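Take a look at the structure set out below.
No hydrogens, no waters, no symmetry mates; every other heavy atom, side chains included, goes into these values. In what follows, chains carry the letters A, B, and so on, assigned in the order in which the sequence lines appear, proteins first and then strands, with residues in each chain numbered from 1. These numbers come from a predicted model, not from an experiment.
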Protein chains: 2
Amino acid sequence: MKKIVKFGGSSLANAEQFQKVGEIIRSDESRRYVVPSAPGKRFDGDTKVTDLLYKCYNTAVEGEDFIPILQEIKGRYYEIIRGLNLDLSLEDEFAQIEADFKAQAGTDYAASRGEFLNGKVMAAYLGYEFVDAADVIRFDKNGNLDAEKTDRLLSKKLAKCERAVIPGFYGAGEDGKVKTFSRGGSDVTGSLVAKAIKADLYENWTDVSGFLVTDPRIVKNPEVIESITYRELRELSYMGATVLHEDAIFPVRKEGIPINIKNTNRPEDKGTFIVESTCKKPKFTITGIAGKKGFCSINIEKSMMNSEVGFGRKVLQVFEDQGISFEHVPSGIDTMTVYVHQDEFEEKEQQVIAGIHRAVQPDFVEMESDLALIAVVGRGMKSTRGTAGRIFSALAHANVNVKMIDQGSSELNIIIGVENRDFETAVKAIYDIFVITQI
Amino acid sequence: MKKIVKFGGSSLANAEQFQKVGEIIRSDESRRYVVPSAPGKRFDGDTKVTDLLYKCYNTAVEGEDFIPILQEIKGRYYEIIRGLNLDLSLEDEFAQIEADFKAQAGTDYAASRGEFLNGKVMAAYLGYEFVDAADVIRFDKNGNLDAEKTDRLLSKKLAKCERAVIPGFYGAGEDGKVKTFSRGGSDVTGSLVAKAIKADLYENWTDVSGFLVTDPRIVKNPEVIESITYRELRELSYMGATVLHEDAIFPVRKEGIPINIKNTNRPEDKGTFIVESTCKKPKFTITGIAGKKGFCSINIEKSMMNSEVGFGRKVLQVFEDQGISFEHVPSGIDTMTVYVHQDEFEEKEQQVIAGIHRAVQPDFVEMESDLALIAVVGRGMKSTRGTAGRIFSALAHANVNVKMIDQGSSELNIIIGVENRDFETAVKAIYDIFVITQI
């Protein structure tokens with residue numbers, strides 16, 4: 001049994017959190033590979049180490065005195081080291097960082113030091129081997145992850161390590177120059193390591209007890225999802241739900257390795273299992289509700305359009321020519337509507353409208369902005385009749401005007417368009433009907 | 001006040017029906033322009049005159065003796081003439097037809113004689129001028145209606161006729177050769193005449209008291225729609241509801257002329273008004289329900305497709321390249337579904353699937369056949385919250401599995417996909433909830 005455990009910044013913010021992490025790792029000896037983030041906030045209003053590093057490096061680039069900020073960062077690590085009673089010196093590492101900052105080694109390099117140093121501390125604390133991510137995570141010339149090479153390097157290296165700490169968030173190009181993932185990228189590192197070692201489980205430890213049914217900023221204390229498929233997760237993530245970095249799913253999904261989202265502060269909670277597929281019935285008919293504001297719709301009407309071969313293709317071509325991706329294309333008879341991101345669309349609005357007129361000579365084009373899209377996602381919906389009825393009855397009761405409905409053959413989700421101002425009301429209403437009242 | 005009145009074949013099947021028509025026309029002197037169809041069935045199992053004409057002409061073309069069939073047709077007209085006590089001879093006309101059939105004057109010519117002769121009878125019966133449609137309805141070289149020329153010819157001719165009968169269903173090309181519309185084309189003639197004379201109303205007399213909320217073969221004695229917009233009608237017609245020829249809408253719609261569907265056998269019934277727009281609240285939230293069987297869906301899944309500019313366009317291009325028009329493209333996240341006509345799709349299935357693979361490298365393509373689409377149409381839906389909820393609750397109660405939902409920004413219709421076998425159940429359930437129980 002091999003588990004890879006990744007800890008987020010809040011799980012590693014100070015010595016107390018490190019101790020919790022230590023207990024967690026030592027309580028299960030299959031937790032053999034550890035991916036730490038950089039230390040996060042210790043309290044509200046605190047600054048994450050990564051943000052301090054950005055600030056420090058920018059100061060260096062501007063030719064000003066960055067040493068005080070570097071001292072502050074060093075202080076953070078030594079606070080942890082002392083709190084853990086470790087016999088560990090980071091003087092060489094900080095001397096190197098100081099020299100590299102002076103030599104302007106790059107923003108990515110600067111940002112990556114938070115994980116690098118935390119990895120050193122973690123390795124010393126656990127007695128695990130330290131593996132520098134720069135040696136095993138490889139980016140190609142275009143700055144994209146070289147998944148194949150990374151997998152080769154990681155497998156080769158970790159085959160020789162019984163237990164190791166691999167700092168998250170970064171890797172290096174062929175030239176050895178450090179390069180980071182986008183923020184939250186330690187999730188991706190964890191996933192790459194899991195794939196390389198063919199882990200049985202990828203535990204992703206954070207400060208919530210799993211993935212929530214909906215956004216806690218909209219619904220107070222929403223229920224935790226017990227199990228969710230990669231597919232469902234991807235759909236909820238796409239629509240704005242966030243816990244895991246989007247790119248973290250693909251490597252483990254390919255190998256069928258489940259991810260378990262766990263809470264460092266409540267390790268007894270089961271958390272959420274993210275799996276390829278499961279027979280397990282979901283607790284509620286729906287798995288989750290997510291959504292985003294800021295869409296607009298372009299409604300195109302033309303008599304007989306349904307019989308016109310190529311009509312839809314021509315319309316979408318106009319959007320493509322302007323580099324605009326569409327979200328949904330609900331259609332009636334003689335009418336089709338294209339949903340796009342408002343910010344992408346606004347500056348090209350007139351070109352698109354003109355293009356549509358040229359391409360298909362519509363009878364009528366109408367636009368509506370400030371729309372939100374809500375995705376109600378759930379593998380349980382397929383086998384439960386009446387899901388759509390419950391959703392739309394709930395929305396009607398909540399006085400929400402439904403602007404768009406889209407449900408394809410996957411029957412895994414229903415997409416609903418509402419006005420921005422109805423967004424929170426709609427999400428609450430759907431949550432209520434499926435989770436609270438369960439009528 | 002100028003009204004144009006068009007009578008269908010069942011309204012003119014025999015002398016008794018002619019008398020009803022005569023009473024209707026004489027009871028309102030604004031009914032100045034009359035478009036008759038050919039005599040329809042007098043009783044169950046009877047043959048329409050148009051069908052006799054096709055049979056007769058085919059016999060002539062095959063070089064066999066067609067005179068007995070022509071005699072039968074002549075008998076039909078003389079039965080009407082005698083029943084109306086008219087002093088009218090059609091001997092010259094029948095002699096001409098016999099000669100033309102021998103000379104193989106064409107199927108269109110043959111079919112058109114039913115209306116031509118009925119026009120002669122109607123003109124004599126009413127004392128109206130007879131205007132041969134071949135002189136005023138013009139087709140272009142490609143066999144399409146030349147709308148402009150027709151409008152010019154009709155206006156010019158009818159400006160000089162206080163009252164006239166113009167037979168339906170046919171016109172002629174530039175060469176004078178008779179050409180017909182597709183079946184039911186007398187509706188189109190009526191519409192063209194209405195436009196040309198700038199009629200105040202186009203009365204379309206038939207054997208039902210208007211347009212029904214749904215198909216009487218599915219729901220027994222469905223309610224009559226009091227008023228319906230052109231738009232709604234077009235949508236219901238497209239989805240399989242039939243009363244009026246599809247092409248009959250455009251000419252009058254352009255001029256804002258309302259159409260009134262009336263019942264020759266119950267002239268006191270108000271019938272259905274088809275209008276450009278109306279403030280009149282519809283009697284029920286929905287205006288009508290129509291649907292068609294025989295669709296199939298192609299469900300395409302690919303991770304990250306939503307972020308791929310051009311994905312949807314490329315998929316639709318594949319269908320276009322195979323000459324297949326799509327009906328709807330509901331989409332989720334990482335999934336899009338294309339609904340097409342099964343008969344159009346089946347023979348090209350493999351080319352389309354291969355094309356999709358080549359064009360977008362999907363993760364997964366799945367097809368489902370034997371699906372039906374149902375359109376729930378109504379201008380009242382926009383202002384009534386909860387319509388969707390009622391529909392889907394009703395379908396859930398009826399144990400109908402909803403395969404697809406599509407509602408665009410027009411909010412004028414919701415398209416629902418179900419399995420063929422659930423089609424009738426679904427239509428009944430929707431009718432029940434909105435019309436019968438009105439819960």
Side-chain angles (χ1 to χ4, degrees), chain A residues 231 234-235 238-239 250 297 299 301 303 306-313 316-317 319-320 323-337 366 368 375 385-397 399-415, chain B residues 231 234-235 238-239 250 297 299 301 303 306-313 316-317 319-320 323-337 366 368 375 385-397 399-415:
Chain A
R231 190 61 206 281
R234 160 89 182 113
E235 303 196 351
Y238 183 80
M239 285 304 282
F250 295 99
S297 71
N299 185 27
E301 294 187 14
S303 284
N306 279 49
S307 334
E308 197 176 324
V309 173
F311 188 92
R313 193 270 307 160
L316 297 184
Q317 181 84 59
F319 286 88
E320 183 181 349
I324 298 169
S325 61
F326 68 92
E327 292 294 304
H328 298 285
V329 192
S331 57
I333 289 145
D334 294 346
T335 158
M336 87 183 250
T337 308
E366 191 182 34
E368 187 166 6
R385 286 202 169 105
T387 311
R390 289 166 71 191
I391 293 173
F392 296 110
S393 300
L395 292 177
H397 277 123
N399 277 323
V400 171
N401 202 358
V402 174
K403 309 292 291 183
M404 189 271 270
I405 305 172
D406 207 343
Q407 185 212 296
S409 287
S410 79
E411 290 177 68
L412 192 66
N413 60 48
I414 295 182
I415 311 283
Chain B
R231 189 61 206 280
R234 160 90 181 112
E235 302 196 351
Y238 183 80
M239 286 303 284
F250 296 100
S297 71
N299 184 29
E301 294 186 14
S303 284
N306 278 48
S307 334
E308 197 177 324
V309 173
F311 188 92
R313 193 270 307 160
L316 297 185
Q317 181 83 59
F319 287 87
E320 184 180 348
I324 297 169
S325 60
F326 68 91
E327 292 294 304
H328 300 283
V329 192
S331 56
I333 290 147
D334 294 347
T335 158
M336 86 183 251
T337 308
E366 191 183 34
E368 186 165 7
R385 286 202 169 106
T387 310
R390 290 165 71 191
I391 292 173
F392 296 110
S393 300
L395 292 177
H397 278 124
N399 277 324
V400 171
N401 203 357
V402 174
K403 309 293 289 182
M404 188 272 272
I405 306 173
D406 207 344
Q407 184 211 296
S409 288
S410 78
E411 289 178 65
L412 193 67
N413 60 49
I414 295 182
I415 311 283

| Nearest non-hydrogen partners of A/Met404 and A/Pro330, listed with the distance | CG-CG, 3.4 Å
| field | Heavy-atom pair count under 4.5 Å with chain B, highest-scoring of A/Asn401, A/Val329, A/Thr387 | value | A/Asn401
| Most chain B-contacting option - heavy-atom pairs closer than 4.5 Å, from A/Met336, A/His397, A/Glu327, A/Arg313 | A/Arg313
For the [atom1] atom of [X] and the [atom2] atom of [Y], what is their distance to the nearest 0.5 Å?
| X | Y | atom1 | atom2 | answer |
| --- | --- | --- | --- | --- |
| B/Glu308 | A/Glu320 | CD | CD | 9.5 Å |
| B/Ser297 | B/Lys403 | OG | NZ | 7.5 Å |
| B/Arg231 | A/Ser303 | CZ | OG | 8.0 Å |
| B/Asp406 | A/His328 | CG | NE2 | 11.0 Å |

With chain A, which of [options] has the greatest number of heavy-atom pairs at distances under 4.5 Å?
| options | value |
| --- | --- |
| B/Val400, B/Ile414, B/Asn399 | B/Asn399 |
| B/Ile324, B/Ile405, B/Leu316, B/Val309 | B/Ile405 |
| B/Asp334, B/Ile415, B/Leu395 | B/Asp334 |
| B/Gly389, B/Ser331, B/Gly386, B/Ala375 | B/Ser331 |

| query | Considering only heavy atoms, which portion of B/Ala388 lies under 4.5 Å from any heavy atom of chain A: side chain, backbone, both, or neither? | reply | both
| Side chain, backbone, both or neither: which part of B/Phe326 has a heavy atom under 4.5 Å from chain A? | both
| said: Under a 3.5 Å threshold, yes or no: a donor from one side chain and an acceptor from the other, between A/Asn299 and A/Thr337? | reply: yes
